[in-house]
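Everything on this sheet refers to the single structure shown next.
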Amino acid sequence: MEKYILIKNKKYEKLGLDVFLYEHKKSGARINYIKADDKNKTFAIAFKTPPESSKGISHILEHSVLNGSKKYRTKEPFMDMIGSSLQTFLNAMTYPDKTVYPVASENDKDFFNLQDVYLDAVFNPRVLDKEEIFLQEGKSIKIDEDGNFSVSGVVYNEMKGATTNPDTIIINEINKYLYKNSCYQYVSGGNPYDISKLSYGEFLDYYKRFYHPSNAQIFYYGDMDIEKYLENLDVEYLSHYEKKEIVADCRVFENYYKEPIFTKFQSNNEDKNKSYLTYSFLTNKRAHIKDQLANAILSIALFNSDSSEISQRIYKEISPESFYARTGYGDISSIQITAQGTSYENLDKFVEIIEEELEKYANHIPKDSLKAAHALFDFSQRDQINSASKGIEYILMHNLDNEIFESLNLIDYINELGDLIETDYFEKQVRKYFLNNKTKLVLVAKPDKDYFKNIEEKIDQDLEDYKNSLSKDQIDDLKKKEERLKTFQERQDSKEDKATIPTLEISDLDLEVEKVPRQVEDDDFKFIYHDLDSAGMIYSELFFDINHLGLEDLKYLCLISDFLGSIDTKKYSYQKLDDLIPINMAGLNFTVQNIKNKEGQINNFIKISFKTTLDRYENSLGIIKEIMSNTDFSDEKRIKDILKQIKAMFEMNMYDSGHSLALTRSFSHFDKLSYIKDQLNGFGYYEFIKKISKDVEDNFSSFKEKLEDLYKEIFSKNLLINITGSNEDYKILKTYIKKEFSDLDKIEKDKAKIEFNKSYYKEGILSDANVNYVSMGADLKEFSDKKLNLLALSSSIISNPYLHDLIRAKGGAYGAGLMVDKYGNVGTYSYRDPNIEKTVENYKKIPEILENLKLEPNDLKNQKISKMGSYLKPQSIQSKTSLDFLRYLQGFSYKELHDKLFDIKNASLDDIINLKDAYKNILDKNNLTVFGNREKIMENKNYFDKIIDLDS
């Protein structure tokens, strides 16, 4: 330890942490060791990486350094470790001013290997002398047969997908002005237009300036021999560097805007009522954690709660689809307030409402609103103790400008702010940061159907100008570069290169399946109880049987579940509920859940889930019972506002989860459960929401009557209750539940029949996305459990390396894979994909891939270890007990999981190869869903049997 200076050591008794901060004498690197009684060990290295443009250099670096290093010489050690280790977390993240490389594992040997792979990746990456990696991950120029230039690259296409979301476009525009003249004015992930101009030389220069130990913070968390890791860190890496001064400037300057700024975003619907109105301002230094928390609490209380006077007036007076505020990221934080889906002509009223009400709030904020907002943070820090990934959470919440100790003081600041609610502290915060603030920015974004088209035309014109500026020799050099990239991508890792990747043995795995304690009691209701130490938190799930309802009723019930707790009851206004609920409980959700049991029978439930503490449990049940029994559906304006929010939320999120939506939709063609899920959560539900929104405008009374009739049929004594907590608490809780629900009626009705017609076909779903999400799937009902387990292993092998190589590395998509569910449904998916037919062609290669599969014994062993490890990953207490309850309802025992592990462990290469015919049968069905770019799908319209336009 003589190579390090111990700067500080502090214990956090409530969190069970003993924290050490070291500095490496020679290199200046800072090392944080968070000692904890947790076998899920975590490592991370983080660099300050301030963007100097929107070319996405820090993001492309994050990708590129993980593509081979001095010590680990395969093409993608990152993917090799995913496919061979017992990692419980393996990723990398680019933030607006830092890049973080975190990894975690419960296995000591595996953890040492993983952290060393990451350290060698960041300090000795092969991309420094292998331009092909930059061309693949970042940006390359493609030249077609006619001599036309185009841009490709994984990050380039990822960011084309990321900037599809209007919300992302508008955040980027706000930051461009609010944080003008600082690093935060740029898009750290990269703007596709700017990425297209990036050079390899700029990329290398940036790496050399910022990827140095003097600019790094290194983190270790968990129960480990820290001296062993520090010794390795010094000898292998840090001792090779001298301390140096690194300027990573992210100072924020105050910018003043007297007039509103107008901008645009992509939308095929140019209705002026689809505009975004935003109001933003800078607040506190991010390093000031207490102020940061206080302003986050105020953001919830003043803007994001239903009890907020600002929120109520905004919905009443300008009728947006959605209204919300977020805390902006920067060395100085910000508040960014948005009214989505309203006319730009409402701008003056929007600003007036915010400023008038903030003036009132500077004199008085309702205490219940503050208590409710504060309670969200209080419950969150309690819940964090039960998290399976605490190490990751502690590391990612850390601000590199602070010492780690300041971030871990969070719990003390939360308690302190709770005590200050009864004072005028928060009112003073409003005056100081929200009103006496010259950095106000008002920005309006209007829809423009040609937004992406104009960007593409600018890129094309720049490429044409670039091409015209080149000599024939320079164009030949570009073609040679493209050939080198192709050769690089086609090259297989040699045995010698593969041997550099550290691996485990199957004997290193603990294949013992953790059995969650479960007690089942029939006592008025059926109780399923898990006696676990949950740090005082009680997790509850109430499952009400609704099998008597048909599919159309279930769709309406999904709407009801969104209304419950968000509209008035006889006893409480929805504004009062919005304060009462978070004060008493967290995570209150009403959801429709569809569960298929082992025999293939589908059962439907409405689930109420919440978490709270024993002292608040009785109050929580009382509030829930009031919502269950006395909800009032007569507030037409409120219900219409929520319908707008539901629609807007789906539209905002669909591009981030496009691969999941496409996969479910693909399955829905042939699988009844997937069909129901699509109709209740996917594109089918979105179509329903659009129709209902129109119907409600024409005839609200009929809609209200439908809701009221259905509401009477959903909460009954046909009830299953899942509880996690201590045994002593359970005895008390059971009494509360029986007392509160004793008057529920029993519903005696036959199970409704849900019609379903299986059909394989090719479907295109048109949207404003400028990338695609491509999924093929079919069912494999003629299977044994063993064959299904082998399919699960084969899906991992096919996903990584084969689909990853064909669709991501060579095709430029951000991601791709193959999944097999427990019922025999098999499906492919791609994510933020520039291609359609090319991707389908690559899917069709799967039988050929299997037929020619030549895995070395070590490669097959690694795949087995990775797949078995995926079933053994640690889970939070809430997740593991919810999964156990699900197993109970499905009729699956822990034996099935044990058998799955056994079958994977004993699988031979021939077992996997022999699945080729099964995959051929699946792919020959030509069952396809493509969700994505309108123009791209319509160019291939004859390829599809059915096309749906989400804007129609």
**Q.** Y206-F210 aromatic ring centre distance below 6.0 Å
**A.**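 For Y206 and F210, the ring centres are under 6.0 Å apart.
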
I'd like to know whether [atom1] of [X] has more than 12 heavy-atom contacts from other residues, nucleotides or ligands below 6.0 angstrom.
X    : atom1 : result
Q492 : CD    : no
K142 : NZ    : yes
K264 : NZ    : no
M649 : CE    : no
Y466 : OH    : no

Q: Before giving the answer on salt bridge (charged side-chain N to carboxylate O under 4.0 Å, His left out), spell out for D859 and K495 the whole-Å C-alpha distance, their side-chain angles and the decisive distance to 0.1 Å.
A: CA-CA 10 Å; D859 293 334; K495 286 185 179 181; over 6 Å; no

Q. Is there side-chain contact between D833 and Y814, with heavy atoms separated by less than 4.5 Å?
A.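 No, too far: nothing below the 4.5 Å cut-off.
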
Q | Within-4.5 Å side-chain heavy-atom neighbours: I395 and P102 | A |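 In short, these two side chains do not touch, never coming nearer than 4.5 Å.
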
Q. Given Y241 and S214, is the side chain to side chain contact (heavy atoms under 4.5 Å, CB included) satisfied, shown in steps?
A. CA-CA 9 Å; Y241 295 84; S214 297; over 6 Å; no

(Q) Walk me through whether E651 and K274 qualify under salt bridge (charged side-chain N to carboxylate O under 4.0 Å, His left out). (A) CA-CA 12 Å; E651 291 168 346; K274 292 293 183 181; 5.1 Å; no

Q | Any donor-acceptor N or O pair under 3.5 Å, side chains T99, E62 | A |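 No, because no side-chain N or O of T99 sits under 3.5 Å from a partner of the opposite role on E62.
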
(Q) Under a 3.5 Å threshold, yes or no: a donor from one side chain and an acceptor from the other, between E202 and S199? (A)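 E202 vs S199: donor-acceptor pair found between side chains.
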
Q: Output, in order, the C-alpha distance, side-chain angles, deciding distance and verdict of side chain to side chain contact (heavy atoms under 4.5 Å, CB included) for T49 and L61.
A: CA-CA 10 Å; T49 50; L61 263 173; over 6 Å; no

Q | Any donor-acceptor pair under 3.5 Å from Q489 side chain to D805 backbone | A |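 Answer holds: no.
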
Q.
Run D120 and K70 through salt bridge (charged side-chain N to carboxylate O under 4.0 Å, His left out) and show every step you take.
A. CA-CA 7 Å; D120 206 59; K70 181 179 177 182; over 6 Å; no

Q) Applying side-chain hydrogen bond (donor to acceptor under 3.5 Å, both in side chains), which residue pairs with at least one partner in residues 654-664 are found, sequence neighbours left out? A)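 Qualifying pairs, neighbours excluded: D656-R832.
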
Q. Are K139 and F134 in a cation-pi contact, defined as NZ or CZ under 6.0 Å from the six-membered ring centre and within 45° of the axis?
A.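 No, K139 does not sit over the ring of F134.
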
Q.
Tell me which one of Y829, F683, F931 satisfies ring-ring contact (aromatic ring centres under 6.0 Å, His included) with Y773.
A.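 It is F931, the one option of Y829, F683, F931 that forms the ring-ring contact (aromatic ring centres under 6.0 Å, His included) with Y773.
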
Q. Is there a side chain to side chain contact (heavy atoms under 4.5 Å, CB included) between D768 and S267 once you walk through the steps?
A. CA-CA 6 Å; D768 289 330; S267 176; 4.0 Å; yes

Q | Worked check of salt bridge (charged side-chain N to carboxylate O under 4.0 Å, His left out) between D401 and K48 | A | CA-CA 9 Å; D401 289 326; K48 290 182 183 179; 2.9 Å; yes

